[in-house]
Every structure is written in C-alpha cells, then in structure tokens.
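Quick caveat, the model's predicted, so the values are computed rather than measured. The first residue of the sequence shown is numbered 1, and numbering continues consecutively from there.
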Amino acid sequence: MRRPLTLKDHHHEQRIFSFRLLVSAILVTLLTVGLVGRMAWLQIFQHSRYTTLSDENRVQTQAVPPPRGLITDRNGEILAANRPDFTVEVIVEQIPDLQRTLREIHQLVPLESDDIERFNKRLQGPRRPWDPIPLRGRLSENEIARITVNQHRLPGVRVAANPVRHYPHGKLFSHVLGYVNRLNAEDLDGMTLTEQGDYAGTHYYGRSGVERYYENRLHGQVGYRQVETNARGRILRVLEQKPPVPGENLRLTLDMDVQRAADEALGDRRGAVVAIDPRDGSVLAFVSRPVFDPNLFVNGISHQDYARYREDLDNPLFNRALQGRYPPGSTVKPFIGLAGLDAGVTDWQRTIFDPGYYQLEDNPHRYRDWKRWGHGHVDMNKAVVQSCDTYFYDLGFKLGISRMHDFLSDFSLGQPTGIDLFNESSGLLPSKEWKRAARGATWYHGDTINASIGQGFMLATPLQLATATAILAHHGKQVTPTLAADALRVPPRPDITLRHSENWQRMEDAMAEVVHGERGTAKVMAEGASYRMGAKTGTSQVFSVGQEETYNEDELAERLLDHALIIAFAPVEEPAIAVAVLVENGRHGGSTAGPVARQVMDAWLLNDNGELAVPPPLNRTPQTQTAVTAPGGTP
C-alpha cells in the first residue's frame with residue numbers, strides 16, 4: 001500500500017523564516033546599539049581618561065641625575081672628578097623574556113658573574129618602575145657599536161653615557177677623600193620620601209671620607225624630562241625638561257705637594273701622617289698607609305679585589321690617621337710637663353737623680369727608664385730633650401691622674417677633634433672614673449706612672465696628636481682641624497691659658513733642642529735644615545715586658561716591635577705647620593718617624609729653590625667665623 005504524499009506548508013516555513021529573521025535583526029540591532037554605545041562611552045565620556053593612559057604609554061617622565069661636584073685641593077688641583085662611562089642598561093618592564101635578552105647581550109658583550117650578581121641585586125631591591133638597571137659598564141667602542149647595531153632586536157636595552165666618579169690620583173687621597181658607590185636598599189630605606197625623590201635617577205652615594213661627610217653639598221639637585229617614546233621604548237623627542245642643578249664644587253685645605261711628600265716618606269710602611277696649619281686649623285696632609293684604590297669601589301668592587309683587601313694582614317681599608325688608637329708614648333711629655341708647671345708641682349730648676357729606674361716607697365717594683373744606666377741629674381729641659389722617663393714618672397705621680405686628665409683633655413686628647421669626617425675615634429684619656437666604669441677596678445699609682453709617659457691605658461690617634469701639637473705651637477690657641485676650605489668651625493673650647501705664659505715659649509725651646517741640640521733624640525731631623533723646628537719623639541710598646549725581662553728588638557717578630565712616633569712644628573719662631581707621624585713597629589721615633597716629619601715640613605715651608613717661603617694661611621679668621629653645622633646636625 002502506497003504512503004500518501006505530503007505537500008510542503010510554505011506559509012508555515014515563511015512564518016518560521018520571518019521569525020528567525022526578526023530575531024536576528026533584533027540581535028544585530030542590539031549588538032550594533034551596544035557597540036555604538038560602547039564606542040560612544042569610550043570616545044566621548046571616557047575620552048580624557050584614555051587620553052591620559054595613552055600619553056602615559058607614549059610619554060615618560062625620566063629623572064636626570066645631577067653632575068656630582070668636583071673636589072680640589074687648596075690650589076685647585078682636581079682630586080675627584082666625573083668622567084663619562086658608557087653602560088649597557090636594561091629597562092625590565094619593556095622586555096618580554098629577560099633571561100633570553102641577557103643571553104643575547106652576553107653574546108654581544110661578555111658578562112662576568114659579578115655583573116650578573118650585581119644586576120640581580122639591583123633587580124630584586126627597591127626601585128622605581130621603568131628605571132633602567134645598569135648591567136655592565138666601561139664599554140669599549142667596539143662593544144658600544146655591537147649593542148647599537150643590534151638594538152632593534154633588543155627592546156628595553158640601551159647604551160647610556162653616565163657621569164662616573166673618578167679619582168685621578170688613585171690611592172694618594174684614598175682614606176681622606178673616601179669613595180662613592182651605588183645606592184642600595186639600605187640607603188633608600190634610611191631616607192625619607194623627600195630624600196628618595198632627591199636621589200631619583202641617581203646611582204651613586206658617598207660612602208666614606210669627604211665624599212660621605214659632604215654628600216649633601218656634592219650631590220646637587222635632580223632634574224626631570226618628559227620624553228615621547230615609540231613602542232620599543234626608544235626616545236623620539238623631548239617634550240619638556242627641567243635641568244638638574246650640579247653639586248657644589250668643594251675646595252679642600254689639603255695641599256697636593258705636602259700630601260705626596262707624606263705618602264712617599266712613609267713608603268711601604270704601615271702608619272699615618274697628619275699635618276695641620278696651626279694658624280687656622282687647615283689640614284695640609286692626611287695620610288694612612290697602606291692604601292686602597294677608591295676607583296675600584298665606584299661601580300662595585302669585585303669579589304676578588306675585595307677579598308684581597310679584606311684578607312690583607314696590613315688592613316689597607318683601615319684609616320689609621322682617623323681611627324687608629326695607639327699609646328702616644330713620650331710624645332705626651334711636653335704636655336705633662338706643662339701640666340706640672342701650671343699646677344706648681346715642678347719648675348724648670350727642679351732636679352731629680354735618675355739611676356735608670358723609678359720606685360715608689362714600700363714597693364719593690366721598678367719602673368724602668370729607656371736608658372738602663374740612667375740620665376743622672378735631670379731637670380725639666382733635659383728631661384724633654386733626652387726624653388727621660390724617670391723624671392716624668394716622678395712628675396706624673398706628684399701631679400696625679402685627675403689633674404693630668406683635666407689638663408690633657410684641653411688639648412683634644414681623649415675626645416674627637418671635630419674634624420669634618422665621620423667615624424672619628426675618641427682615643428682614650430684614662431681617669432679613675434673611667435677605670436671604675438669600664439673595668440670595675442680601682443685606680444692604682446702604677447696606672448698614673450704609666451700614663452705619665454703615654455703608656456698604660458692611654459690611647460691617641462695621629463689626628464689627635466697633630467691637633468694637640470698645633471695648640472701647643474700657638475701657645476694654647478684652640479683649633480678644630482678642618483678639611484673644607486670654607487667650613488671652618490669654631491673650636492668648642494676656650495683657648496688654654498697658663499698661670500705663667502712664658503712656659504709656652506720655654507717648652508717650645510726645649511722641643512727645639514730635641515732637634516737642634518747635640519743630645520736631642522731627633523737631631524737627625526736638623527741635618528741641612530734652613531729653618532728651626534721643634535719636636536718630641538716617642539716609642540710605644542706593643543706588648544708588656546716583664547720586670548726581669550729585657551727588651552731585645554733583634555729577637556722579636558716585626559709586628560711586636562715598638563711603634564715609632566713624633567710630633568713636630570716649624571718654624572719655631574712663627575709655627576705654620578704641626579705634624580704627627582706614626583710608623584707601626586718602626587722601633588725609634590727619632591730615626592724612623594723624624595725624617596718623615598722633616599720631608600712633610602720641607603714640602604710646605606720651602607719653595608722650589610729650597611728656600612724658606614712660608615705660605616700664608618687661608619683667608620679665614622676662626623675667632624669670628626660663624627659655626628657651620630655638619631650633616632646630621634652636629635656643630
């Protein structure tokens with residue numbers, strides 16, 4: 001049986017088609033309305049917002065670091081300068097694959113492990129977005145060319161010429177100038193938001209020495225510029241800019257010739273030399289040896305170089321002139337003598353007999369003189385000239401530690417001198433109160449006797465000894481040693497006045513006889529001199545010698561030998577330089593430290609023809625100068 005035929009219902013199909021067409025039209029209309037509405041929302045109502053976002057992608061604000069101020073000596077010789085350093089830098093935010101980019105850079109410019117390590121530290125540390133991170137500096141011309149030619153395939157990589165600190169005289173001024181190196185996370189954490197803004201775009205920061213103390217003056221003020229960039233971050237044009245304000249140039253009181261003379265005179269020996277103009281406190285030379293190369297620290301010292309410095313037994317990173325604490329030895333005898341004269345305990349005519357030792361009553365212990373058979377009958381002048389220990393044992397015992405402490409403290413011993421450097425050591429001027437607080441022990445007469453010849457607990461820095469010598473040379477006129485030529489600070493203490501002012505000159509005459517007398521302990525200094533100088537030699541023990549033992553330097557290791565010291569000033573008539581010299585394990589002050597002091601004084605006082613030509617002091621008047629506040633608020 002055949003199935004009946006079914007005819008199509010065209011009207012039904014037409015209705016379905018019409019319905020679908022209507023639905024589609026409605027959907028298309030709704031989508032069109034939504035699209036038009038969205039476009040209107042973005043283009044009209046959100047126009048300003050997206051214009052700003054677009055500009056932020058196209059326009060960048062870049063910090064422009066200021067050039068760091070130059071540092072010169074008193075005569076304009078440049079000691080710290082800036083020179084261009086071509087560096088490959090990376091803007092991480094513009095790089096899709098950082099590790100791949102680093103590998104490609106390495107194929108063009110060799111990267112050391114230290115370069116990668118420093119880069120990772122800067123990458124992980126606090127930083128501002130879009131700030132370039134230095135990868136490797138000191139690029140050669142060929143390396144610059146290779147990076148530039150391939151820059152089209154290295155988005156976010158650029159070569160920048162940045163001013164980098166350079167010390168043209170290398171190691172000569174290392175301990176006094178210090179050095180700069182790159183900012184780190186600790187530096188930024190220690191700054192306020194305002195200070196962080198002041199260092200935007202800046203990579204370098206003063207770490208030590210003059211560079212650290214005068215950081216605020218040398219740094220300058222950061223500038224800004226708005227630049228238009230393309231999609232690869234390349235600068236197309238500068239839209240607006242505010243130029244940076246360069247840091248101030250800093251003129252120091254140091255003299256190149258005197259500094260070099262001090263450095264060469266010390267040679268390869270460990271020690272320190274400080275020279276001061278007693279007329280105004282200007283520091284003429286500031287040397288600590290051994291030295292280091294500050295240029296190695298600017299862009300980050302390598303592990304190998306730093307390990308070499310750190311493991312060196314001579315410790316070249318230690319500033320002996322500023323922080324080295326040494327027993328001053330016999331260099332304190334002129335000051336002890338003035339203290340005894342001023343207290344009325346002794347006078348210039350008083351004489352004692354020196355058998356080669358000193359003994360307290362009811363005490364079998366003998367305090368030995370350096371001259372085992374003694375000096376015989378000794379007065380004050382002979383005691384200074386021949387450095388008689390026994391005379392000062394007796395004087396110190398009669399004077400007492402309290403009066404000794406109070407008098408010596410006026411000469412900047414036992415306290416910071418106030419020089420414009422951070423981390424100055426205060427040395428140690430002992431007293432009964434100090435020993436009770438620091439050692440929990442009673443003060444004994446033996447402690448006083450040891451202190452009377454600059455031994456025992458007493459410690460001083462070469463800077464303190466030079467300052468004390470400058471004060472003595474100008475008859476008690478206080479000075480604050482100063483490195484910046486325009487930043488002299490008023491001394492914190494009044495000038496020292498003696499009950500009998502003629503004792504100043506008599507003590508200076510005795511110190512002149514130390515050099516020019518037939519039996520003076522520093523007579524080696526007088527050979528060929530065209531001017532008169534005063535001095536006091538000293539040796540300080542590195543270890544104690546037992547009562548029954550004999551000190552034999554020929555049998556001792558080099559580092560156990562006595563330190564050699566000397567303080568000196570010249571010309572005696574109108575002193576224009578005061579010097580303190582320390583030579584570690586140098587044995588004898590007169591023969592070892594004396595010639596060093598002589599070379600330093602010659603460099604300052606003699607002209608090119610070897611004639612006496614005393615330079616004038618800097619144009620400053622300490623008594624009327626306004627006090628300058630040091631960074632950190634310390635006047």
Requested in this report: Verify whether one side chain among K398 and T346 offers a donor that lies under 3.5 Å from an acceptor in the other.
Outcome: no
Requested in this report: Applying side-chain hydrogen bond (donor to acceptor under 3.5 Å, both in side chains), name anything that partners D379, two or more places apart in sequence or on another chain.
Outcome: none
Requested in this report: Answer yes or no: is there a donor N or O on one side and an acceptor on the other, between the side chain of R598 and the main chain of M525, under 3.5 Å?
Outcome: yes
**Report entry** Listed once per pair and sorted, the side chain to side chain donor-acceptor pair (under 3.5 Å) pairs that draw on residues 400-411, sequence neighbours left out
**Finding:** none
Query raised in the report: Heavy-atom count around Y306 OH within 6.0 Å, excluding the residue itself: above 12?
Result: no
Query - Euclidean distance, D389 CG relative to I453 CD1, rounded to 0.5 Å - result: 4.5 Å
Query raised in the report: Going by the angle between their ring planes, with limits at 30° and 60°, are F422 and Y213 parallel, tilted or perpendicular?
Result: tilted
Query raised in the report: Is the count of non-hydrogen atoms from other residues, nucleotides or ligands lying under 6.0 Å from R519 atom CZ greater than 12?
Result: no
Query raised in the report: Do W443 and S431 meet the criterion of a side-chain donor-acceptor pair at a distance under 3.5 Å?
Result: no
**Report entry** Passing option when D354 is tested against K382, H375, Q386 for side-chain hydrogen bond (donor to acceptor under 3.5 Å, both in side chains)
**Finding:** H375
Query - Residue pair Q359 / N363, side-chain donor-acceptor N/O under 3.5 Å - result: no
Report summary line: The single option from Y167, F318, F286, F292 that satisfies ring pair (Phe, Tyr, Trp, His ring centres under 6.0 Å) with H175 is F292
**Report entry** Cationic N near anionic O, under 4.0 Å, K371 to D369
**Finding:** no
Query raised in the report: Below 4.0 angstrom, N of the basic side chain to O of the carboxylate: do D312 and R308 qualify?
Result: no
Would you list the atom pairs, donor with acceptor, under 3.5 Å between side chains in residues 260-267 and any protein atom, with sequence neighbours excluded?
| from | atom 1 | to | atom 2 | distance (Å) |
| --- | --- | --- | --- | --- |
| D263 | OD1 | R289 | NH1 | 2.7 |
| D263 | OD2 | R289 | NH1 | 3.4 |

Query raised in the report: Parallel under 30°, tilted from 30 to 60°, perpendicular over 60°: which one fits the rings of Y367 and Y358?
Result: tilted
Query raised in the report: So, S387 versus S330: side-chain donor-acceptor pair below 3.5 Å or not?
Result: yes
Query raised in the report: So with a 6.0 Å cut-off around CG of D268, is the heavy-atom count from everything else above 12?
Result: no
